[in-house]
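Read the numbers this way: they start at 1 and go in the same order the structure lists the ligands and their atoms.
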Amino acid sequence: MEGQVLKKNIHRFAPSPTGYLHLGNARTAIFNFLLAKKNNGEFILRLDDTDQERSNQHYIDQIKYDLEWLGICWDKVEQQSKRLDRYRDILNSLIKNGNVYECFETTIELDLKRKKQLNSGQPPVYDRQSLKLSDKDKTELRKKVNSYFRFHLSGNKVTWKDKIAGDVEVQTNVVSDPILIKANGQFLYTLASVIDDIDFKISEVVRGVDHLTNTAVQIEIFKTLVGSNPEFAHHSLIVNSSGENFSKRANSLSIKELREKGVEPGAVCSILVNLGNGKRMEIKNDLPDFAKDFDLKAFNTSPTKFNTEDLYALSRVALSK
Ligand code: GLU
């Protein structure tokens with residue numbers, strides 16, 4: 001693959017338009033936007049919409065509306081569903097070079113394998129049975145089922161200096177070789193995201209700590225494609241007062257819902273920027289005003305407590321016009 005991952009300042013926020021923007025991913029958007037602003041960089045809104053069944057235009061429009069309401073503007077929008085030919089080309093080159101292999105198990109077979117492994121106390125890691133198939137076996141199988149493709153992980157330790165998590169090590173021999181394209185032809189985020197981050201010259205990927213294993217896998221793909229990778233920073237997830245994950249869509253309040261309940265954008269931004277940075281809460285009405293002093297070093301990866309009532313209180317007292 002041509003090109004290098006350049007160290008210019010380009011950030012991206014990459015929501016999947018399968019639901020509304022919620023507090024968890026709004027925080028990721030804010031971090032990336034502020035870092036781009038702080039360094040006079042570029043901020044890309046990337047729509048991860050390769051899942052055609054679950055993605056839709058309504059959510060795309062709503063995510064854009066919500067981001068603008070928060071004070072986030074972007075330099076360009078990229079949409080994964082418009083880049084499928086590019087992903088196909090790269091996938092083919094990976095297959096040709098032996099980095100990616102064809103598999104034939106159905107979802108039911110994979111589920112059964114996983115259950116068996118778990119029952120016998122083994123980690124549910126894909127057993128690479130498809131790698132043992134002969135050309136003749138594959139020709140026969142292709143007549144019966146649609147194949148899918150996996151990236152062959154090295155099994156080595158992947159390490160990186162994370163700008164929030166510090167030194168991270170992930171042993172990839174306890175991770176299943178990731179599926180890059182499903183049997184129905186859908187490209188999965190793992191490969192599509194790496195290709196986009198290379199093509200759009202993303203300098204730093206800032207996202208939730210729930211992506212740490214993905215990052216190890218993606219670093220292996222980056223290294224295979226271009227020999228280098230962007231920097232990474234994984235921020236904490238926000239949790240409610242009983243410690244339940246707030247970032248998961250089902251438990252999280254959507255920005256739309258908060259707006260409809262009278263919450264002010266300045267309250268959302270002030271709380272999300274300050275949450276977990278150990279400093280005294282600063283309140284500002286305009287998001288870009290936070291850019292100058294924004295620093296990833298102030299954050300960590302421990303779950304960050306958040307109380308929705310604070311949003312209402314702040315909206316009523318400090319920011320109401
Ligand atoms: N679409 C992915 C998500 O919403 C993007 C993750 C990333 O920033 O790479 O989880």
Practice task
For ligand 1, find out whether one of its N or O atoms is nearer than 3.5 Å to an N or O atom of R46.
Solution key: no
Handout entry: N/O separation below 3.5 Å, A14 to ligand 1
Key =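 Yes; at least one N/O pair falls below 3.5 Å.
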Practice task
Heavy-atom distances under 4.0 Å are what count here, so tell me which part of F13 touches ligand 1: side chain, backbone, both or neither.
Solution key: neither
Completion exercise
For P15 and L45, the nearest pair of non-hydrogen atoms, with its separation, is CD-CD1, 3.8 Å
Exercise for the section: Kindly indicate, with the supporting measurements, whether the criterion side-chain hydrogen bond (donor to acceptor under 3.5 Å, both in side chains) is fulfilled by D196 and Y189. Expected result: CA-CA 10 Å; D196 290 349; Y189 150 82; over 6 Å; no
Suppose I only count heavy atoms of [X] and a 4.0 Å limit; which atoms of ligand 1 are within that range?
X: R207; result: 7 (C), 8 (O), 9 (O)
X: H211; result: 6 (C), 10 (O)
X: D48; result: 1 (N), 2 (C), 5 (C)
X: R12; result: 7 (C), 8 (O), 9 (O)

Practice task
Measure from NZ or CZ of R12 to the centre of the six-membered ring of F200, then state whether that distance is under 6.0 Å and the direction lies within 45° of the axis.
Solution key: no
Practice task
Mind running side-chain hydrogen bond (donor to acceptor under 3.5 Å, both in side chains) on E257 and Y20 for me, showing each step along the way?
Solution key: CA-CA 9 Å; E257 196 181 333; Y20 294 114; over 6 Å; no
Handout entry: Exam field: side chain N97 to backbone N99, donor-acceptor pair closer than 3.5 Å
Key = no
Exercise for the section: Show your working on side-chain hydrogen bond (donor to acceptor under 3.5 Å, both in side chains) between S193 and R46 and close with a plain yes or no. Expected result: CA-CA 9 Å; S193 179; R46 188 184 89 199; 3.0 Å; yes
